[in-house]
Novice: 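Sending over a structure as C-alpha cells; questions will come in a sec.
All values reported here derive from a predicted model rather than from experimental measurement.
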Amino acid sequence: MVGRIYDFKTVEEKWQKYWREKNIFRAEDFSNKPRYYALDMFPYPSGAGLHIGHPEGYTASDILSRYFRALGYNVLHPMGWDAFGLPAEQHAIQTGTDPRINTQNNVDTFRRQIQRIGFAIDWSREINTTDPRYYRWTQWIFLQLFRHNLTFVDKRPVWWCPALKSVLANEEVVDGLSERGNYPVVRRPMRQWILRITAYAEKLLEELNRLDWPDSTKRQQIAWIGRSQGAEVDFPIHGVEKCLSVYTTRPDTLLGATYLVVAPEHPLLEAITVPERWDAVREYQQKTARKSDLDRTDLAKIKTGVFSGAHAIHPLTGEPLPIWVSDYVLMSYGSGAIMCVPAHDTRDFEFAQLFHLPVRQVIRPLNADGDTALPYCERGILCNSGEYDGMTSDAAQEAIIDRLMKNGTGRQRINYKLRDWLFSRQRYWGEPIPIVWVREDDFGIISRTANSPFLEFMPSNPVFYEEDGRKFYAVPLCSRDLPLNLPPVESYLPSDDGESPLARASSWVSVWIHPQTGEIRPQAEGRPAGEWLAARRETNTMPQWAGSCWYHLRYMSPRCETAPVDPKIADYWRAPNFYIGGAEHAVLHLLYARFWHRFLYDIGVVPSKEPYPRLFHQGIILGEDGEKMSKSRGNVINPDAIIQSSGADSLRLYEMFLGPLEAVKPWDAKGIEGVIRFLKRTWKFYNEVSIDDGQDDDDTQRLLHESIRKVREDIEGLRFNTAISQLMILLNRLQKLPRVSRFAGESFIQLLAPFAPHICEEIWEQLGHGESIACAPFPNFDIQWLTRDTVTIVVQINGKRRGEIFVPANALESEVLEKARTCDGAVPHLRGRRIVKEVHVPHRIVNFVVQ
RNA sequence: GCCUGGGUGGCGGAAUGGUAGACGCAGAGGACUUAAAAUCCUCUGACUGUAGGGUCGUAGGGGUUCGAGUCCCCUCCUAGGCACCA
C-alpha cells in the first residue's frame with residue numbers, strides 16, 4: 001500500500017514544504033473555534049547553532065499544538081528570537097563587524113534548523129527583539145514605566161566586571177563571578193537606571209498561588225521576593241539628637257536585646273561615632289569597602305566588627321545598649337541596622353561570644369525541661385521580660401508592638417528581600433533607552449511648555465542626577481520618535497571607564513531639542529535659529545531581559561503599528577495556554593516578565609494579570625556520560641547529525657521517549673535505535689497490512705480504544721514517554737494481523753501524528769486522504785470497549801500472590817470469594833489453615849488472611 | 001546550614017495503597033542468508049530446584065495496613081535552589 005522503503009529524508013522534506021506552502025499552521029485571529037496558544041521560551045540565536053536541548057521543549061509544545069489542532073482548536077504556535085545580548089556583542093568586538101550581521105546569520109541558521117524538525121509553527125508571526133519594529137515597543141513600555149514613576153537613576157555601587165567591561169545585575173553574578181564567562185567582578189559606583197520592581201512585590205507574590213506552575217518555581221519566586229513581617233523599632237541615641245531604626249522579625253525578643261549593630265555604610269555612623277573611636281571605625285569601613293561581596297557574605301568566615309563608642313537607649317527599659325559596626329549587617333536590607341538578641345539568634349550569638357557582649361535569655365521553649373541550649377531561635381514563652389513574662393511569642397509580639405506604637409517608638413513593618421531591578425547596561429547591543437538629559441533650567445522650560453511633545457511620558461516626579469554640583473533632568477522622547485534606532489558606531493568596545501560604546505557616537509549623543517515642536521537635531525550641524533535646548537542622549541542600553549518581558553504579547557499581533565499588542569487581538573488570544581522552557585529562568589525572566597505584564601495590565605494595555613498561567617519546565621538532556629553536555633567534555637550531541645542519520649521524526653520521538661519531560665536524563669545513542677525501528681515497523685505495517693471495511697476482533701478493538709484513551713490523556717498530562725510506549729504496544733499487536741479495519745488503521749497513524757508528523761502525513765496520504773493529517777479530526781474512544789465483561793482477579797494468601805481467577809465483571813462477592821478459595825494456586829496454601837479474614841477489592845484482588 | 005525534588009534490573013524508565021520491572025536499549029539463543037547487515041521469533045531481576053515451583057527483591061532501618069516502590073518516622077546518597085535578609 002505504501003512505498004517499500006522508508007526514506008525519511010524525502011518524506012520529511014516533502015511535508016515540510018507542503019506545510020509551508022499551504023500555510024497549514026497559520027493561526028487565525030478571531031476564529032470562532034476554541035483557541036489554544038502554545039508558547040516556547042524563545043531561543044537566543046547563538047553562533048553554536050541549535051542544541052539538543054532546544055527540540056525537547058519545542059517538540060512538547062508542538063505535540064500539544066498538533067493535538068489541539070486535530071481536536072478542532074485554532075492554534076497559535078509561534079517562534080522568534082531573543083537576539084540582543086553579550087555573545088553577539090563580544091563577537092562584534094573581536095571581529096569589528098556589526099552585530100546585526102552576525103545576529104542575522106545566527107537567526108537564519110536557527111530558523112533553518114528548527115524548520116528541519118518539522119514544527120507546526122506559524123512562521124508569519126516570527127519576531128526578533130533586535131528588529132527596530134519590535135524594540136520600538138520595548139522602548140514604549142519603558143517610557144510607560146518612566147511615566148508611572150517606576151524608574152529612577154541612582155549612582156550606586158554596582159557589579160562591575162573589568163573583563164567584560166560591563167555592569168552586571170545581581171542575578172548575573174554568581175559567587176563573585178560573572179554568570180557569563182566566570183570573570184571576577186567588583187563593586188563600583190556608577191549612574192544607573194533602576195526599575196522599581198519592589199513596588200510590585202506584593203502583587204507578584206499574591207498572584208503566584210493562582211498560577212499553574214511547578215511548585216519549586218513558585219517557591220523560588222516566593223523566596224526571591226522574600227516577604228517578612230515584623231516591626232521597626234526606633235532606638236534614641238545617647239547624647240545625639242538622632243534615632244536609629246532597626247527592623248526585626250522577632251519583636252517578642254526586644255527585652256533580650258543587649259547591643260545594636262549597624263552596617264559599615266550606615267549614613268548615621270559618622271554622626272554617632274564618638275571621637276575616640278572614629279579612627280577604628282573609619283579603618284573598618286575602608287577594610288569592608290575593599291572586600292568583595294564573596295568575602296563579605298561567606299558564612300564560614302569569622303565575624304568582624306568594631307565598637308562605635310555610641311550607645312542607644314532601649315525604648316522600653318531605657319537601658320543603654322552599645323552600638324557596634326559589623327559587615328554581617330547589610331545596608332541593602334531593612335534599615336541597615338539591627339537590634340541584637342544573642343540568646344535567640346545564631347549570628348548575634350556568634351558575634352556576642354567573639355566580643356564578650358552580654359547574652360540575655362528572654363524566651364524559653366513551650367515544654368521547658370531544664371536548661372535551654374543557647375541560642376534558642378524558636379518561638380516560645382517569654383521570661384525575664386517583666387510584664388510580658390509567661391506570654392507566648394505570638395501574644396508578646398502583639399503586645400510589644402502595641403506598646404511601641406503608643407510610645408511612638410515602633411510600628412509594624414513588612415520587608416522584602418527583592419531589590420529594585422538594575423536596568424541599564426554599558427553595552428552597544430541592546431535597546432537604546434529613549435531619554436535625553438537636559439540642564440535644570442532647560443527642564444523648567446520644557447515643563448512649562450504646555451503641549452510640549454516631551455510631556456507625553458513625563459512623570460509626576462522628575463528623574464534627575466547630580467554631577468559636579470550640576471543637576472541633569474531626564475526628558476522622555478515622545479512616541480512618534482520611536483523607535484530610537486541604535487546608531488552605527490566605529491568601535492563596539494566600551495571605554496575603560498565603563499561608558500557605553502554609544503557615548504562615542506558623539507554626533508548621535510549631542511542634540512538640540514525643541515520644546516514646542518519636539519524636534520531633535522544633531523548638534524554637529526550647528527545651532528539652528530529659534531528656541532533650541534542642548535541635550536545629551538542617554539547612552540546606556542537595556543539588559544537582555546527587556547525584550548523577553550513581553551514577547552508573548554507581540555506574537556498575537558506581530559505587525560501592529562499602533563501598540564505593542566492590538567487590544568482586540570489580545571482580548572481574543574488572552575494568554576498562552578501553555579508555556580514551556582528551562583527551569584534556569586525560574587526567577588529572572590519569569591519574574592521580570594510577570595512584572596512588566598502586570599504593569600501593562602494595570603495601565604490597561606493587556607486584559608490579563610499574568611503572562612503565563614500554565615508553565616512547565618522540560619528537564620535537561622545530559623551527554624552519554626551522564627554529565628551536562630559541553631564542548632570541553634566532548635559529549636555534545638548535535639541535532640543536525642541525528643536528523644541527518646535518523647530523521648526528524650526519530651529525533652522528536654526519541655527525545656519524548658527518553659523519560660518524563662521534566663526529568664534530567666542522559667542521551668543514549670543506542671536507545672534511539674528503538675524508535676527508529678518502531679517507525680520502520682510502522683511503515684512496514686502499512687506496506688503489508690490490508691485495510692478494509694470489516695470489523696476487528698474484540699481484543700484488538702479493546703486495545704485500540706484503550707490506546708486512544710491513554711494517548712489522549714497522556715498528551716494532555718504531558719506524559720509523552722508513556723503515550724509512545726502505548727503506541728508501541730498497539731503496533732506490536734496490529735502488525736501481527738493480516739488485515740485491520742479502516743478505523744484501526746487510520747486511528748493508529750493519527751495517534752502517532754503529533755509525535756512523528758512527517759511519516760504519518762505520508763502514510764495518511766497513501767491511505768487515500770487528500771487533506772493533511774494535521775487537519776483531520778483526532779480519533780476518540782468508545783467507552784463500551786473500555787468496560788470489560790470478564791475481569792482478572794489476583795488471589796493472594798497473606799498478601800502473597802498465589803493465583804488468578806477470571807470472573808464476570810458483575811459477579812457477586814460471594815461468587816468471587818468462592819472461586820478464589822477453590823482456584824488451583826490457592827488450594828494448597830489454604831489446606832489445613834483457617835481463614836481469619838477475606839479482603840475483596842472488586843475487579844482487582846482477593847486476599848485471604850490465614851493462620 | 002536551610003528549603004525542595006529524586007534513589008526501582010546491566011541501562012533509560014513503567015506502576016489510582018492491590019500481579020513490581022510496562023515500553024525500549026543492551027545481552028543470549030534461534031529463523032532467513034554463501035556471509036554480513038537488516039528483519040522476524042523466543043528468553044532475559046537475583047538466588048534456588050530435574051520440574052511444578054519456592055525464597056528474596058524498589059538506597060538502609062523502623063512503623064501503619066489484609067496488603068507499601070507508593071503513606072508515616074529516622075539514616076545515608078544524589079540533583080537543584082537559597083544562603084549573615086535580622
Novice: 5'-most contact on RNA chain B: A:M339 or A:E804, nearest heavy atom basis?
Specialist: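 With A:M339 and A:E804 compared, the 5'-side residue is A:E804.
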Novice: Quickly, which of A:W683, A:F685, A:Y686 forms a ring-ring contact (aromatic ring centres under 6.0 Å, His included) with A:Y6? Name it, please.
Specialist: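 Result for ring-ring contact (aromatic ring centres under 6.0 Å, His included) with A:Y6: A:W683.
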Novice: Taking any heavy-atom pair under 4.0 Å as a contact, classify A:Y416: base, sugar-phosphate, or nothing.
Specialist: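 The residue A:Y416 makes no contact with any strand.
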Novice: Checking one value: the base orientation of B:G57, syn if chi is within 90 degrees of 0, otherwise anti.
Specialist: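 Base orientation: anti.
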Novice: For the side chain of A:T792, counting heavy atoms from C-beta on, which of B:A86, B:U19, B:U39 is nearest?
Specialist: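 Comparing B:A86, B:U19, B:U39 against the side chain of A:T792, the answer is B:U19.
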Novice: As a test of reading the structure: which of B:A14, B:A22, B:U19 is closest to the side chain of A:S725, going by heavy atoms?
Specialist: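 Nucleotide nearest to A:S725's side chain: B:A22.
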Novice: Quick one: label A:V841 by what it contacts on the DNA or RNA (base, sugar-phosphate, nothing), any heavy atom closer than 4.0 Å.
Specialist: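 Base contact.
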Novice: Phosphate oxygens OP1/OP2 of B:A86: is one of them under 4.0 Å from a side-chain N or O of A:Y328?
Specialist: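 Result: no.
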Novice: So what does A:N732 touch, heavy atoms closer than 4.0 Å: a base, only the sugar-phosphate, or nothing?
Specialist: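 Counting heavy atoms under 4.0 Å across all strands, the contact made by A:N732 is with sugar-phosphate only.
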Novice: Has A:R594 got its NZ or CZ under 6.0 Å from the middle of the six-membered ring of A:W213, at an angle within 45 degrees of the ring axis?
Specialist: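 Output yes; distance and angle both within limits.
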Novice: Between A:S228 and B:A86, is there a side-chain N or O to OP1/OP2 distance below 4.0 Å?
Specialist: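 Answer is yes, contact under 4.0 Å.
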Novice: Kindly point out which of B:G24, B:A86, B:G18 is positioned nearest to the side chain of A:T248?
Specialist: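 That would be B:A86.
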Novice: I need a per-nucleotide contact map over nucleotides 45-59 of chain B, read 5' to 3'. Cutoff is protein heavy atoms under 4.0 Å; write B for the base, S for backbone only, - otherwise.
Specialist: ---------SSS---
Novice: Please determine whether a side-chain nitrogen or oxygen atom of A:N721 lies at a distance below 4.0 Å from atom OP1 or OP2 of B:C23.
Specialist: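 A:N721 to B:C23 OP1/OP2: no side-chain N or O under 4.0 Å.
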Novice: Mind checking if A:Q796 touches a base, just sugar-phosphate, or nothing, with heavy atoms under 4.0 Å?
Specialist: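 Contact class for A:Q796: base.
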Novice: Are any non-hydrogen side-chain atoms of A:V262 and A:V329 less than 4.5 angstrom apart?
Specialist: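 No; the side chains remain at least 4.5 Å from each other.
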Novice: I want to check one thing: is the phosphate of B:C66, taken as OP1 and OP2, less than 4.0 Å away from some side-chain N or O of A:K837?
Specialist: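 Yes, within the criterion.
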Novice: May I ask you to verify if any side-chain N or O of A:R677 is less than 4.0 angstrom from the OP1 or OP2 atom of B:A26?
Specialist: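 Checking B:A26 against A:R677, a side-chain N or O does come within under 4.0 Å of OP1 or OP2.
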Novice: Would the base of B:C84 count as contacting A:K303 through its side chain, where contact means a donor and an acceptor less than 3.5 Å apart?
Specialist: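 By the distance-only test, yes, there is a pair.
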Novice: Counting Watson-Crick and G-U wobble pairs whose two distances are both under 3.5 Å, find the runs of 3 or more in a row that involve RNA chain B.
Specialist: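 Result, WC/G-U stems under 3.5 Å: B:1-7 with B:76-82, B:10-12 with B:23-25, B:27-31 with B:39-43, B:45-48 with B:53-56, B:59-63 with B:71-75.
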Novice: Distance to the ring centre below 6.0 angstrom and angle to the axis at most 45 degrees; does that hold for A:K303 and A:Y328?
Specialist: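 Judged by the rule, A:K303 and A:Y328 form a cation-pi pair.
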